[in-house]
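Read the structure below first, then the notes.
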Amino acid sequence: MQYALSQLPPPALIAIGVVLIILGGSFCYKAWNAVVLGRIHYWSGFLPFTLVSPWFIHLPPGERSLIKVKQGLLCHMFVGPLFFLTAIPLLVVGFDLCGLPGTKTINWIVTGGDSSKPAAITYSPPLTYNFPMAVRSSKKFMSLFQTQIYEDPKNALLGTQTKGARPATDTYNH
């Protein structure tokens, strides 16, 4: 894939970038409809396709179509944020392919506008991305799971019986 993209002329890369920007904008609009209005369009056909169909429907349905509208809390809380998370990479890659600052903008957003912090994502043309933030955070994340938490043996719920411990009794003997 990397080799195929490096062989394309710059106008073709810009055209691909424009298509990705339009697709990302469509997903932003779909995210707005889902999060704020609570509605999505889906295809009411075969179930496995029905589950992923909201990601493929970008135009309004016709009169006698199998495309239906779904409204509800699921749209607000689940599908809308997923549409937004789909739009972000499409927009970033599209802007980068068009020569606009896509990666620079997402790094500015992730670091909170602090240029002294290291970059979260690095980009090199035509389409190579590295995620140094994921490497740094994975080390910190794994250290959280590998730390030992001190547990006082007399407060243990399970395990060996400690010396001098009495069996639990009902304090409200009726």
Side-chain angles (χ1 to χ4, degrees), residues 1-8 10 12-38 40 42 47-58 70 72-160:
M1 179 73 175
Q2 180 70 25
Y3 179 74
L5 282 175
S6 64
Q7 300 300 317
L8 290 175
L13 291 175
I14 291 173
I16 292 170
V18 168
V19 169
L20 290 176
I21 290 171
I22 291 170
L23 196 58
S26 176
F27 275 111
C28 284
Y29 177 73
K30 290 164 75 71
W32 169 264
N33 278 336
V35 170
V36 176
L37 303 177
I40 60 168
Y42 71 97
L47 181 64
F49 299 129
T50 301
L51 296 175
V52 296
S53 67
W55 276 264
F56 296 105
I57 300 170
H58 292 278
K70 177 73 175 171
L73 196 58
L74 179 72
C75 300
H76 289 288
M77 295 179 62
F78 187 67
V79 180
L82 287 176
F83 281 154
F84 183 70
L85 290 175
T86 305
I88 295 299
L90 290 171
L91 290 172
V92 169
V93 172
F95 284 134
D96 285 339
L97 286 176
C98 288
L100 299 170
T103 305
K104 183 178 178 183
T105 304
I106 200 72
N107 281 329
W108 182 80
I109 291 170
V110 169
T111 60
D114 188 1
S115 60
S116 66
K117 292 182 180 175
I121 302 170
T122 58
Y123 167 71
S124 59
L127 197 61
T128 303
Y129 288 93
N130 292 317
F131 301 92
M133 180 180 76
V135 174
R136 290 189 305 267
S137 63
S138 67
K139 291 177 186 176
K140 189 68 145 176
F141 190 70
M142 289 309 293
S143 72
L144 291 173
F145 283 106
Q146 295 179 358
T147 56
Q148 292 283 330
I149 299 174
Y150 174 72
E151 181 182 357
D152 192 7
K154 67 180 182 183
N155 293 333
L157 294 175
L158 301 173
T160 61

Minimum heavy-atom distance [X]-[Y], with the two atoms named:
X	Y	answer
P132	A120	CD-O, 3.4 Å
S116	D114	OG-OD1, 2.7 Å
G80	A34	CA-CB, 3.4 Å
Y42	P54	CB-CG, 4.2 Å
I16	L97	CG2-CD1, 3.8 Å

Going by heavy atoms in the side chains, are T122 and T103 under 4.5 Å from each other?
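With C-beta onward as the side chain, the pair stays apart.
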
Are any of the side-chain heavy atoms of L13 and P126 separated by less than 4.5 Å?
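Side chain of L13 against side chain of P126, heavy atoms only: contact under 4.5 Å found.
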
Rounded to the nearest 0.5 Å, what's the gap from [atom1] on [X] to [atom2] on [Y]? Could you check?
X	Y	atom1	atom2	value
I40	L74	CD1	CG	6.5 Å
I22	H58	CD1	NE2	12.0 Å
S115	N107	OG	CG	11.5 Å
L91	L100	CG	CG	11.5 Å
F83	C28	CZ	SG	11.5 Å
I109	I106	CD1	CD1	4.5 Å

With side-chain contact (heavy atoms from CB on, under 4.5 Å) as the test, would you mind laying out the steps for F27 and L90 before giving the verdict?
CA-CA 9 Å; F27 275 111; L90 290 171; 3.6 Å; yes

Keeping the roles fixed (side chain from [X], backbone from [Y]), state whether a donor-acceptor pair exists under 3.5 Å.
X	Y	answer
K30	A87	no
T86	L82	yes
D96	G102	yes

Apply ring pair (Phe, Tyr, Trp, His ring centres under 6.0 Å) to H76 and list each qualifying residue two or more places apart in sequence or on a separate chain.
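Not a single residue meets the ring pair (Phe, Tyr, Trp, His ring centres under 6.0 Å) criterion with H76.
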
Please state whether the rings of F131 and Y129 are parallel, tilted or perpendicular, taking 30° and 60° as the class boundaries.
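If you compare the ring of F131 with that of Y129, the planes turn out parallel.
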
Taking everything shown except F78 itself, do over 12 heavy atoms lie less than 6.0 Å from its CZ?
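Counting other residues, nucleotides and ligands, CZ of F78 stays at 12 neighbours or fewer.
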
Counting only heavy atoms not in W55 (residues, nucleotides, ligands), do more than 12 fall under 6.0 Å from its CH2?
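More than 12 heavy atoms, drawn from other residues, nucleotides or ligands, come within 6.0 Å of this atom.
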
